[in-house]
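Within every chain, numbering begins at 1; the chains are lettered A, B, ... in the order of the sequence lines, protein sequences first and strands thereafter.
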Amino acid sequence: MSENPKTAVIEMSGAEVCSMRETSLAMIEEVNWTVVAGEFWVVAGQQQSGKSDLMMMTAGLMPPAKGSCKIFGIETQSFSESELADRLRVGFVFENGQLFNHLTIMENVALPLQYHKDLTIGEAAEKTMALLELMELKPLADVTPANVGLSWLKRAALARALMLQPDLLLLDNPLNGLGARHVKWWLHFLDQLWHGYEWSGGKPMTIVATAEDLRPWKNDARRFALLRDKKFSLLGSWGEVASQDDTIIMELMETSLDTTTYRKE
Amino acid sequence: MRQGLAKTLEFADAQLLRRAPLPRSYSDFLGRKLFLFLLTVQGLGAFSLITSGVILRKFRVARNVMRPLIRHEIARAGFGLLPMFMFVAVALGFLVIGETVSTLARFGAINYIGTVMVVVVVRELGPLLAAFLVLARVGTANVIELGTARATGEVEALETLGIDPVHYLIVPRVIGMAAGVFSLTVYLIIGALVSGYLCAFLQDVPITPGDYFKQLVESLGWLDFALLALKTIAFGFFIAIVTCYHGLAQPLRLSDVSRVAVRAVTQGIVVCVVIDALFIFLYLVA
């Protein structure tokens with residue numbers, strides 16, 4: 001299942017991304033983007049710039065309004081039952097976790113394993129608890145999502161996405177609303193996944209995350225892109241991002257918040 | 001998977017039409033209502049076919065996950081409603097017998113009491129009342145749960161996990177409701193028939209339990225049993241389809257959920273009455 005390092009995992013050509021809630025509304029007009037296996041991309045943009053819609057389209061939750069979007073060489077538009085194996089190679093973490101409220105954290109995390117391997121909760125418990133332990137979620141195993149804070153919900157959503165050991169991990173604004181300790185944990189854990197973590201059999205994972213704040217993502221090995229005014233622009237490495245003379249990028253990279261000036265959007 | 005569901009849920013687009021300002025001419029208004037009605041029928045038809053297809057195709061998929069879900073739904077639409085149904089059964093028996101016994105006794109037709117009970121309770125009131133009660137108690141809960149799940153993105157979350165939402169969310173509800181309405185109708189009928197005799201006994205009607213049950217047995221044919229089973233399963237199936245369809249198809253905002261719940265219950269009642277009319281026709285033909 002592991003990808004050749006040069007294989008394109010995501011390929012978008014002239015893709016127009018529409019809003020998930022209002023399908024007639026175009027959020028991003030033309031995306032030409034290729035993500036190669038083993039890369040770590042951060043797509044930055046302000047609120048309402050279409051980050052979530054781009055992620056959902058990439059995950060195959062909606063087709064592009066125009067152009068094409070392929071994952072592992074398959075058009076997401078034609079993702080059907082027969083491509084289920086490829087579908088399961090993609091892990092997705094929603095911005096608010098989107099856990100199932102009627103299940104406990106443990107049941108949420110175990111669900112993909114139970115469903116696709118046809119296991120009872122007892123049979124899936126060992127592997128699930130090991131993952132929960134790894135992610136410091138064990139004390140919350142029997143708690144329902146309504147009683148868990150956002151930071152832990154997001155972590156549980158990550159655990160659920162990792163349960164089937166995907167090759168590609170899509171994260172929608174994972175650091176939004178997290179405290180400093182959780183941000184540190186996330187960046188450290190994602191780096192481990194990217195380089196090949198014991199949990200995923202040591203194989204490097206391709207990661208794409210969206211962000212409203214670029215500062216935590218500073219790393220020369222990561223690649224960056226920007227969403228602005230319905231346009232998708234490739235920025236390159238952190239060095240190239242830092243050299244950009246663009247107000248939005250500078251705002252996204254500001255090290256300290258300047259409250260003396262405010263630019264109206 | 002996603003495209004299949006999206007196609008089924010195209011009716012959601014029709015809601016834009018529903019929210020459009022009322023046309024001025026009466027013929028336009030009627031035309032729009034007719035168009036919406038046809039869209040609803042088309043949507044419900046497509047949804048019921050897709051659900052039936054998933055039930056048959058994925059019968060053996062993830063049984064360890066689906067079995068507890070189905071058991072839970074059967075308990076919710078069946079056992080959970082049993083105390084209320086026992087009360088309704090007793091009330092129904094007393095009411096029907098209370099009204100009919102005095103009338104039949106006045107005309108010297110007390111020997112028809114069993115026949116009346118079979119026609120009124122077994123064929124008509126029992127199944128219809130059971131369906132309405134399940135619709136009110138479980139159907140509304142279905143719309144609210146599924147509507148909330150859709151509004152909060154749980155349906156999308158299922159799809160990202162490669163889990164068919166129709167299989168995971170709809171199939172257990174359809175099976176649970178079909179089984180629930182069938183079994184509750186049986187309990188309701190038995191309760192009503194027994195309490196009916198008690199009422200007759202309390203009114204000093206000169207009929208022995210043996211005669212009463214003999215009348216019942218003589219009035220019941222194999223067709224009654226077969227059509228009763230078919231009818232109640234159809235009620236349960238379509239109540240689940242209507243409520244799940246509205247829960248999944250419509251709301252993308254939490255504020256829409258209550259409005260859609262009301263519409264689903266109204267359509268559920270209409271569907272039950274239409275099915276009942278079809279079965280009356282079948283009784284007459286058979």
Just verifying a value: how many Å separate [X] [atom1] and [Y] [atom2], rounded to the nearest 0.5 Å?
X: A:T120; Y: B:R63; atom1: OG1; atom2: CZ; value: 13.5 Å
X: B:T160; Y: A:L88; atom1: OG1; atom2: CG; value: 10.0 Å
X: B:E159; Y: A:F92; atom1: CD; atom2: CZ; value: 11.5 Å
X: B:D164; Y: A:Y115; atom1: CG; atom2: OH; value: 6.0 Å

Heavy atoms only: give me the nearest [X]-[Y] pair and the separation to one decimal.
X: B:A157; Y: A:R160; value: CB-NH2, 3.7 Å
X: A:M20; Y: B:E156; value: CE-CG, 3.5 Å
X: A:R87; Y: B:G162; value: CG-CA, 4.4 Å

In terms of heavy-atom contacts, does [atom1] of [X] have more than 12 from other residues, nucleotides or ligands at under 6.0 Å?
X: A:F189; atom1: CZ; value: yes
X: A:E212; atom1: CD; value: yes
X: B:F237; atom1: CZ; value: yes

A:N101, part contacting chain B, at a heavy-atom distance under 4.5 Å: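 A:N101 touches chain B through backbone and side-chain heavy atoms alike.
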Report the option among A:L111, A:L164, A:L99 that has the most heavy-atom pairs separated by less than 4.5 Å from atoms of chain B.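 Most pairs with chain B among the choices: A:L111.
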Quick one: sort the B:Y168 and A:H102 rings into parallel, tilted or perpendicular, breaks at 30° and 60°.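 Geometry flag for A:H102 against B:Y168: tilted rings.
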In this structure, which one of B:V61, B:V65, B:I163 forms a side chain to side chain contact (heavy atoms under 4.5 Å, CB included) with A:H116?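 Answer to the side chain to side chain contact (heavy atoms under 4.5 Å, CB included) test with A:H116 among B:V61, B:V65, B:I163: B:I163.
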Have B:N64 and A:Q114 got a donor and an acceptor in their side chains that come within less than 3.5 Å?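 No donor-acceptor contact under 3.5 Å links the two side chains.
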Taking C-beta and beyond as the side chain, do A:F100 and B:L161 meet within less than 4.5 Å on heavy atoms?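 Result yes, sub-4.5 Å side-chain heavy-atom pair found.
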